[in-house]
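A quick write-up on the structure given underneath.
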Amino acid sequence: MREYIQKNVDVFAWSAADMSGIDADVVCHRLNMDPKTRPIRQKMRIIATKLEESIHEEVKKLLDAGFISEIQYPSWVSKVVMVKKGDGRWRMLSPDSDASPDVKDVSFITREGCFSYKMMSFGLKNAGATYQCMMDRVFKNQRGRNLEVYVDDLIVKSRDVGSQLLDLGETFVTLRKFKMRLNPQKCVFGASRGMFLGHLLTPAKVEPNPNKVRAIVELASPHNAKEVKRLTGKLAGLSRFLSRVGEKCSPFFKALRGNQKFEWTGECKEAFRALKAQLSQAPLHQNPKEGEDLALYLGVGEEAVSSVLVEHSGQLAKWSIELSEFDVSFVPRLSIKAQAVADFLADYIVELEEEETPSREA
């Protein structure tokens, strides 16, 4: 792997000057604005001395790369905003969302002068959508097969070690074709597990990022009715990720019922603990292997029909699929051993009301 990467060092950008830019025929960003709109000229902000050094380095890097140029009489002027990145470094954001529709006038001001962008800045309206459109076009033949990409996050996936170099080679060819470069500081190769879009990817499953779910795990129990209402409101926003959320939140609603004194009962504590455990664990998904038999289980309720596909190993494969597009063969099973199926049936079981026995006439 190391020798292969060394032979393809040209796909990495070791400095900003190594990035020549994407051809405008691939994608071009435009802002549709009324030409009669009055230009906005923001004043320069007073910035801490330690951040001035970061701004100076960023401006110098952009000038050397040819991404910006100094401008004397700007129409639109935006102040710079410094944001701390995850690795401890500072990122300069400019211009903001009120930038001009003309690239020549997309300018920002610092103590060193006023500069305009020659290329698309991520501070522009819908710049992220334009970048995603570009990535979709560039990797249209690989997305979903051996590559996944979201804005500037890219992952090359391989089913086995033998095909990994082939998948990387195909990706490198695409990068060269469109004159794109990778950031060597953010690249990891030959990893069996890694972070992608806030999730921990492993060969067996997709796990949540422990740092992302820490707030849920450490969430304290409500102490009054107002905090319970705030909790139920948040759970309502997450209802599409939780099955039968109304039933699971019923102890909270009981605690708010009437004008009785607030009491956080044992039933509320158990429901709160169960909801936190469910929200802090991502559902297990896995791509089925070609030619492998999957067992289909149906949960039939009074108003909905739900389905689940389970491998023979008992791992959950996919929820709520469209069965009409596939040939489905039913094979009855005498026993259900998969824990995933047991959990599925427990969530969707329907309690039938007991029929009243008619009284006999004397």
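For clarity, every value in this text was computed on a predicted model and none was experimentally measured. In what follows, every heavy atom counts, from backbone to side chain, and hydrogens, waters and symmetry copies are set aside.
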Determine, for [X] against [Y], whether the closest basic-nitrogen to carboxylate-oxygen distance falls under 4.0 angstrom.
X      : Y      : value
Asp23  : Lys179 : no
Asp136 : Lys140 : no
Arg111 : Glu52  : yes
Lys60  : Glu57  : no
Lys248 : Glu270 : no

- If you measure from CH2 on Trp264 to OG on Ser221, what distance do you get to the nearest 0.5 Å?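 So the gap between those two atoms works out to 5.5 Å.
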- Any chance you could measure Asp152, atom CG, to Gln132, atom CD, to the nearest 0.5 Å? 9.5 Å
- Task: For residues Val138 and Met180, report the shortest heavy-atom separation together with the two atoms involved.
- Result: CG1-SD, 3.8 Å
- Message: So which atom in Arg176 and which in Asp10 form the shortest heavy-atom distance, rounded to 0.1 Å?
- Response: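 Minimum heavy-atom contact is NE-OD2, 2.7 Å.
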- Task: Quick one: do Glu148 and Ile155 satisfy side-chain contact (heavy atoms from CB on, under 4.5 Å)? Show the steps, please.
- Result: CA-CA 5 Å; Glu148 299 294 342; Ile155 181 171; 3.7 Å; yes
- Message: Over 60° means perpendicular and under 30° means parallel, so tell me whether Phe272 and Phe252 are parallel, tilted or perpendicular.
- Response: perpendicular
- Task: Please check if atom NZ in Lys276 has more than 12 non-hydrogen atoms from other residues, nucleotides or ligands closer than 6.0 Å.
- Result: yes
- Query: For Phe115, which of Leu63, Ile109, Leu62 qualifies under side-chain contact (heavy atoms from CB on, under 4.5 Å)?
  - Reply: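 Going through Leu63, Ile109, Leu62 one by one, the side-chain contact (heavy atoms from CB on, under 4.5 Å) with Phe115 is satisfied by Leu63 alone.
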- Message: Please identify which of these residues, Ile71, Val81, Ile68, meets the side-chain contact (heavy atoms from CB on, under 4.5 Å) condition with Phe108.
- Response: Ile68
- Query: For the ring pair Tyr4 and Phe189, is the centre-to-centre distance below 6.0 Å?
  - Reply: no
- Paired with Asn146, the side chain to side chain donor-acceptor pair (under 3.5 Å) test is passed by just one of Arg159, Gln164, Lys157, Glu170, namely Glu170
